[in-house]
Q: 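The structure that follows is given in the form of structure tokens.
All ligand and atom numbering here is 1-based and tracks the order in the structure.
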Amino acid sequence: MAIWNLGSINADMVYAMPHLPTAGETLAATGLDQFLGGKGANMSVAAARAGSRVHHIGAVGPEGAWAVARLMEYGVDTRRIATLDLPTGHAIIAVEQGGENQIILFPGANRHISRDQIGQALSEAAAGDILVLQNETNMQAEAAEMARDLGLRVAYAAAPFDAAAVQAVLPYLDLLFLNEVEAQQLQQAGGKAPQDLGVAHVIVTLGAKGARHFDGGTGQITDVPALSVTPVDTTGAGDTFTGYVLSGLDRGLPMAQAMAQAARAGALMVTRNGTADVIPDLKEVQEARF
Ligand code: RIB
């Protein structure tokens, strides 16, 4: 099977900060690095490094060829990435010493993907493949509906969170990824707890407490514990977790096993500075000692 990812591609400008700046504050960074990023690109790289065949559907600007080349280098099929006459998306990321971050997003080309581009890509997908989406591109509901009609399994990572964006794709979803705060926000907006959303699988990540799977079919709830690590940079850890869960499912693992492997990948990721470029591969994840 394969994973299709309608996903953002960003240049991540990562600033090391003594603390996260507050309103009105001017604060000097102690370091600056540039990485390949974007929630979409991070998930594509994670799933490819976990062993899946991944096709990225997205867009960059004329100066974004380096990002496409890097995705390809990391094993992602980049043939469905368009080059538009718009700037490539970028993110300005402040990371403080405890690993927490603050992100300013400039969406650029990520929000100008055409329906035709998605239709052409998905016409090559097979029933049973997975389409994953996040909230950093346009055309989310349209793509989800097309994929559902073609018999793909549709997964959505509700980040950056927007209740209306989640509700627009909800009817087409087989899998929904939320963090604890997003799950509460969605419940406030729609009045439904994760197990009542009508989605076959809802995964809520709980930070240091691990992750919880709600099986919409059986009503069963399964907890997967987190691993104990000292974080240096939490950026991209959630994307790594999502990519690894999807790859596990794509490769036929049972949900609990896919989540346990993803928890190891996410734990390893928070011990590293950076985003897509530092996502661990399956061998590193399996051999890591926590
Ligand atoms: O989740 C981390 C990602 O969010 C970064 O790579 C950044 O580009 C933003 O999309």
Side-chain angles (χ1 to χ4, degrees), residues 5-17 20 29 32-49 54 56-61 63-64 66-68 70-71 74 76 81 86-96 98-113 132-138 140 155-162 165-166 176-182 203-205 207 211 231-246 262 265-280:
N5 182 359
L6 171 61
S8 55
I9 301 169
N10 291 337
D12 282 355
M13 309 301 294
V14 182
Y15 296 85
M17 305 300 291
L20 298 180
L32 168 64
D33 279 307
Q34 183 177 332
F35 296 95
L36 171 65
K39 294 184 196 308
N42 296 341
M43 286 178 204
S44 279
V45 172
R49 286 200 163 150
V54 182
H56 195 100
I57 308 167
V60 295
E63 83 297 14
W66 68 270
V68 179
R70 215 174 283 180
L71 276 168
Y74 297 152
V76 176
I81 297 174
L86 289 162
T88 303
H90 72 256
I92 294 171
I93 305 179
V95 180
E96 54 89 48
E100 286 304 326
N101 64 28
Q102 214 168 53
I103 303 180
I104 296 173
L105 264 187
F106 176 76
N110 292 314
R111 292 267 181 202
H112 294 270
I113 298 162
V132 59
L133 316 128
Q134 328 76 31
N135 188 25
E136 287 188 348
T137 68
N138 61 323
Q140 296 162 32
Y156 189 72
F161 184 77
D162 173 2
V166 186
L176 173 61
F177 291 85
L178 300 157
N179 66 28
E180 204 169 10
V181 175
E182 292 159 355
I203 293 173
V204 179
T205 54
V232 299
D233 180 1
T234 57
T235 320
D239 308 331
T240 300
F241 176 87
T242 302
Y244 261 82
V245 170
L246 295 176
L268 202 49
M269 185 63 182
V270 302
T271 65
R272 299 176 174 189
N273 285 300
T275 39
D277 303 286
V278 300
I279 291 173

Q: Kindly confirm or rule out an N or O of S8 lying under 3.5 angstrom from an N or O of ligand 1.
A: no
Q: When only distance counts, is T275 in polar contact with ligand 1, meaning an N/O pair under 3.5 Å?
A: no
Q: Which ligand 1 atoms does G236 reach within 4.0 Å, using its non-hydrogen atoms?
A: 2 (C)
Q: Using a plain distance cutoff, I'd like to know if N10 has any nitrogen or oxygen under 3.5 Å from a nitrogen or oxygen of ligand 1.
A: yes
Q: Can you find an N or O of G38 that's nearer than 3.5 Å to an N or O of ligand 1?
A: yes
Q: What's the shortest distance from atom 2 (C) of ligand 1 to any protein heavy atom, and which residue and atom give it?
A: D239 OD2, 3.3 Å
Q: How long is the straight-line distance from OG1 of T235 back to CD1 of I93, given to the nearest 0.5 Å?
A: 5.0 Å
Q: Can you give me the closest heavy-atom contact between E136 and S8, atom names plus distance?
A: OE1-OG, 2.5 Å
Q: Which value, rounded to the nearest 0.5 Å, describes the distance between N110 atom CG and Q134 atom CD?
A: 9.5 Å
Q: For the pair N10 (side chain) and G37 (backbone), establish whether a donor and an acceptor sit closer than 3.5 Å, ignoring hydrogens and angles.
A: no
Q: In the protein, which heavy atom is nearest to atom 8 (O) of ligand 1, and how far is it?
A: D12 OD1, 2.6 Å
Q: Which of the numbered atoms in ligand 1 are under 4.0 angstrom from any heavy atom belonging to L105?
A: 9 (C), 10 (O)
Q: Nearest 0.5 angstrom please: L20 CG to Q102 CD, how far?
A: 5.0 Å
Q: Can you tell me how far CD1 of I92 sits from CG of N101, rounded to the nearest 0.5 angstrom?
A: 13.5 Å
Q: Check ligand 1 against G37 and write out every atom of the ligand that is under 4.0 Å from a heavy-atom position of the residue.
A: 6 (O), 8 (O)
Q: For atom 10 (O) of ligand 1, what is the closest protein heavy atom, and at what distance to 0.1 Å?
A: E136 OE2, 2.7 Å
Q: Using 0.5 Å steps for rounding, measure from the CG atom of D12 to the CG atom of N42.
A: 6.5 Å
Q: State the atoms of ligand 1, each with its element, that fall below the 4.0 Å cut-off from a heavy-atom position in A91.
A: 7 (C), 8 (O)
Q: Rounded to the nearest 0.5 Å, how far does NE2 of H56 lie from CD1 of I81?
A: 5.0 Å
Q: Which protein heavy atom lies closest to atom 4 (O) of ligand 1, and at what distance to 0.1 Å?
A: K39 NZ, 3.0 Å
